[in-house]
Protein chains: 2
Amino acid sequence: MAGIKEVAEEAGVSTATVSRALRGLHHVNDSTRAKIIAAAEKLSYPLTPSTANTASGRTNSVGVVAPYISRWYFSQVISGAEQALREAGLDLLLYNFSQMKGRERLFQHQLLKGRVDALIVISLPPTVEEFDSMLSLGIPIALVGMEHEKCASVKIDDIAGARSATQHLVNQGHKQIGLMSGRPDDPFNFSVPQDRRKGFMQVLAENGLEWLPQREVHGDFTMHTAARAMDDLLARPNRPTAIFCESDEMAMGAMQALRRHGLKAPDDISIVGFDGHEMAEFSELTTIEQPVQLMGEMAAWSIMERLRKPNIDPPSLVLPTTLVVRNSTRRISPEEA
Amino acid sequence: MAGIKEVAEEAGVSTATVSRALRGLHHVNDSTRAKIIAAAEKLSYPLTPSTANTASGRTNSVGVVAPYISRWYFSQVISGAEQALREAGLDLLLYNFSQMKGRERLFQHQLLKGRVDALIVISLPPTVEEFDSMLSLGIPIALVGMEHEKCASVKIDDIAGARSATQHLVNQGHKQIGLMSGRPDDPFNFSVPQDRRKGFMQVLAENGLEWLPQREVHGDFTMHTAARAMDDLLARPNRPTAIFCESDEMAMGAMQALRRHGLKAPDDISIVGFDGHEMAEFSELTTIEQPVQLMGEMAAWSIMERLRKPNIDPPSLVLPTTLVVRNSTRRISPEEA
DNA sequence: ATGAAAGCGCTAACAT
DNA sequence: ATGTTAGCGCTTTCAT
């Protein structure tokens, strides 16, 4: 296996010069550099040797931590981050933090330790201790979909998004509006469902609409539980004419349940979702789109910036959402309402 | 930062013993090991130090290479692999190989070089040269969705899957059956579309059904292009009574197009997909399910096995698919056919 | 079963 | 601008 020594020999220089040349440092003669690059290519020597780690203390890779990696939202963010990181020549280490048992959890920061130069944490604060242990790594952290004073963050305004979804329903004449929200006993203290619920309630109140607790059902942000929750809601009296679902997947679950009951959106009930899931278009679902992939990219950029200048303080970005009106919501007449 | 030296001091032993104890090697007294583990935990010293790389030559991580990482199929496989690898204490390095420019491509194996102990390559053979350069790394490689004599592989029988999808349509009385297939000018020499097409044609021939080339349209395995292709097909004469789509996403695109034209599956045209996409249930799509996540897990296991015993030859696994009948296909009467 | 010491392949500090 | 020489933090002989 060709190492830096072989390359040095081939180019007729010292290993130190090879190291400098390949990393684009100053004070290397252009012709020398050319020779070295030629030698490196010939021996297919890597531009960033993996073993550089030990000597330099930098790993040239960043960790991405997420509770799920195959769900739409997460895979989009990861994809965005991957692109930005690879462009910058950084490797991406993937860490899924959902199913680990207690004892292993205790070791989390030790897993990460020394393996990554920075961390991107997607949308779920683990327990406080776990989070502290991440902070204690002393490396830059960028949060996606959350905020924390000590970390950079990229997120949307969930309250505003929920507001415009709800306002859309109100504008269309709906007065009896239901809510499909996250479980109150969510295992994670996740702010997203809370914020989306808050925005919803604000708009109801501002428009003088009465809120009936029996118009709310809960899901866990998947289609499956949402469909079941919807069954439940449909069985209750005072059926709403429209429903705001805190995620597109839940909205699609709701629509599925509707169909099972011989009902249809928007004819029988209007449905608005949240996220901009790729399948929302297929379902003709009205929704609030968020720039998911972009959020991953920006998180990556933000940590790379901080890797360059460790002293700037971590930026907090809020990206815009867009109401996309499709065919799952409709205007209703005053008599219907 | 606590290193092996600190742990050694704390435990009152040498660094060599710490190294041995923490990696579970033989010839370490139980009580010594206990002391060392305690010291390590106290100083939050990682079980598998990242810098072990240099000295041992092993990186304790495997690379996952995929052309996309946010598409459903790929994210599922990655998720499965991640679980299996993490359980075994291996890190997962993610490499997306789609958008890289020519010159960078040339450097691919150099990117990987020395960074991973093994490779899992998902569903797309890059160019032959790129593949050769991966092989030349001299590390175990597991393929998902493809085969190669020198690599382990985990796949399904695409021909058989396509056969049972098509047979299902035939069994329901369809005689004029259309095909939504991959682009013939696919940038990758991807065997999946070819195999699925082959299975389809076999069943048609076996049942003495005539094949009309104008019943075939092409997509790129996404909803979007499929919808457009479907528009095209619907505009042609001799409209088929059923269509086999080579992927669920294409099937959903087709159904979307159908709706736009005021048509509906299965009433106007029966649609059968392929993959077992999570949204297939929502769409009530009849499909061929493949155990996607499991394929990722098995690929991981297979390389870990080979990491242990380098001399066994790479296993080639074929996992079963299942026909799941939902509501996008229906039996038609002889008069209709 | 444990320790001492010689690397692993590279980078960094110091020469020149 | 380039070479020399210590390390980096760990693993792995080889002793004991």
Review point. Can you find a side-chain donor-acceptor pair between A:Q110 and B:E41 that sits under 3.5 Å?
Key: no
[N] [atom2] sits how many Å from [X] [atom1], rounded?
X: A:L47; N: C:dG9; atom1: CG; atom2: P; answer: 18 Å
X: A:L43; N: C:dC10; atom1: CG; atom2: P; answer: 12 Å
X: A:E9; N: C:dG9; atom1: CD; atom2: C1'; answer: 14 Å
X: A:I4; N: D:dC8; atom1: CD1; atom2: P; answer: 18 Å
X: A:K5; N: C:dG7; atom1: NZ; atom2: P; answer: 11 Å

Practice item. Tell me what A:S50 touches on the nucleic acid: a base, only sugar-phosphate, or nothing, going by heavy atoms under 4.0 Å. Key: nothing
Revision key, fill the gap. Against the side chain of A:T17, the closest entry in D:dT2, C:dT2, D:dT11 is D:dT2
**Study point:** Which residues share a ring pair (Phe, Tyr, Trp, His ring centres under 6.0 Å) with A:Y73, sequence neighbours left out
**Key:** none
Review point. With a 4.5 Å heavy-atom cut-off, do B:P140 and B:L307 have their side chains touching?
Key: yes
Which pair of heavy atoms, one from [X] and one from [Y], lies closest together, and at what distance?
X: A:V192; Y: A:G145; value: CG2-O, 4.2 Å
X: B:G89; Y: B:N60; value: O-OD1, 3.0 Å
X: A:L92; Y: A:R86; value: N-NH2, 4.4 Å
X: A:I120; Y: A:A81; value: CD1-CB, 4.1 Å

Check your understanding: Within 45° of the six-membered ring axis of A:F74 and under 6.0 Å from that ring's centre, is NZ or CZ of A:R71 located there?
Key -> no
Check your understanding: Can you tell me if A:S79 uses its side chain to pair, donor with acceptor, with the backbone of B:S70 under 3.5 Å?
Key -> no
Exercise for review: Give a yes/no on whether any side-chain N or O of A:T32 is located under 4.0 angstrom from OP1 or OP2 of D:dT2.
Suggested key: yes
Check your understanding: Among residues 19-27 of chain B, which residues get a heavy atom nearer than 4.0 Å to DNA chain C?
Key -> B:R20, B:H27
Review point. Heavy atom of residues 51-62 of chain B under 4.0 Å from DNA chain C: which residues?
Key: B:T54, B:A55
